[in-house]
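Inspection log for the structure reproduced underneath, given as structure tokens.
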Amino acid sequence: MKTPPESFLLFKEELRKAQLEKERLQHYYEQKLAEVNQELCRLKEQIQSQQDMMRTTLEYASNLENRLTEVKEEVAHATSRSRNSIY
């Protein structure tokens, strides 16, 4: 059996090195992609929390506004009642 030419052996070795480099790069970029996805999930959670806080704050402010309106009406009603009293 004939031995393969030296150029073929060199090519085979370069191909093996290229495949190893490809696998290394693939692993590296998969790891980077996983990190980016993890950061994205963390940012989504933060945005959701901030939206919830804003929603709660708006509901609280709305309730305070309604309560303030009720108190103003009660004060106005009490004031008008006191003016109409005999005493």
Side-chain angles (χ1 to χ4, degrees):
M1 185 176 214
K2 244 175 135 179
T3 60
E6 187 176 330
S7 60
F8 175 76
L9 295 176
L10 289 173
F11 175 75
K12 189 176 177 182
E13 180 63 23
E14 289 297 317
L15 181 61
R16 189 183 67 76
K17 287 179 184 178
Q19 287 174 336
L20 288 174
E21 180 66 12
K22 178 184 171 188
E23 289 173 7
R24 186 189 69 77
L25 286 172
Q26 183 178 2
H27 178 71
Y28 173 78
Y29 285 116
E30 285 174 353
Q31 183 181 3
K32 285 293 181 186
L33 184 60
E35 290 173 7
V36 168
N37 283 334
Q38 186 178 15
E39 183 68 21
L40 183 61
C41 287
R42 191 173 16 256
L43 290 173
K44 283 181 181 180
E45 287 176 4
Q46 287 178 350
I47 289 170
Q48 184 64 41
S49 295
Q50 289 175 351
Q51 286 176 338
D52 290 343
M53 284 177 25
M54 288 173 59
R55 189 176 303 112
T56 303
T57 302
L58 287 173
E59 288 174 3
Y60 181 72
S62 178
N63 289 339
L64 282 178
E65 186 177 22
N66 291 338
R67 182 67 183 129
L68 181 61
T69 303
E70 291 173 5
V71 168
K72 283 182 181 179
E73 289 173 0
E74 288 175 12
V75 168
H77 185 65
T79 304
S80 67
R81 245 193 288 150
S82 66
R83 288 184 188 158
N84 293 336
S85 72
I86 300 173
Y87 306 105

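Note that the structure is a prediction, hence the values are computed from the model and not measured.
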Keeping S49 on the side-chain end and E45 on the backbone end, is there a donor-acceptor pair under 3.5 Å?
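Yes, because the side chain of S49 sits within donor-acceptor range (under 3.5 Å) of the backbone of E45.
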[X] side, atom [atom1]; [Y] side, atom [atom2] - distance, nearest 0.5 Å:
X: L40; Y: E35; atom1: CG; atom2: CD; result: 13.5 Å
X: I47; Y: D52; atom1: CD1; atom2: CG; result: 12.0 Å
X: K22; Y: L15; atom1: NZ; atom2: CG; result: 10.0 Å
X: L9; Y: E13; atom1: CG; atom2: CD; result: 9.5 Å
X: R24; Y: Y29; atom1: CZ; atom2: OH; result: 8.5 Å
X: H27; Y: L25; atom1: NE2; atom2: CG; result: 11.0 Å

Is the number of heavy atoms from other residues, nucleotides or ligands within 6.0 Å of CD (E70) greater than 12?
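Buried by this count: over 12 neighbours within 6.0 Å.
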Is it true that, when you exclude Q48 itself, more than 12 heavy atoms of the residues, nucleotides or ligands shown sit nearer than 6.0 Å to its CD?
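Yes, CD of Q48 has more than 12 neighbouring heavy atoms, counting only those of other groups under 6.0 Å.
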With a 4.0 Å cut-off, would you call E39 and R42 a salt bridge?
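Judged by the 4.0 Å cut-off on N to carboxylate O distance, E39 and R42 do form a salt bridge.
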Within the 3.5 Å criterion, strictly below it, is a donor on N63 or E59 matched to an acceptor on the partner's side chain?
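The criterion, which ignores hydrogens and geometry beyond distance, is not satisfied for E59 and N63.
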Scan side-chain atoms only and decide if E30 and Q26 contain a donor-acceptor pair under the 3.5 Å cut-off.
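Yes, side-chain donor-acceptor contact under 3.5 Å.
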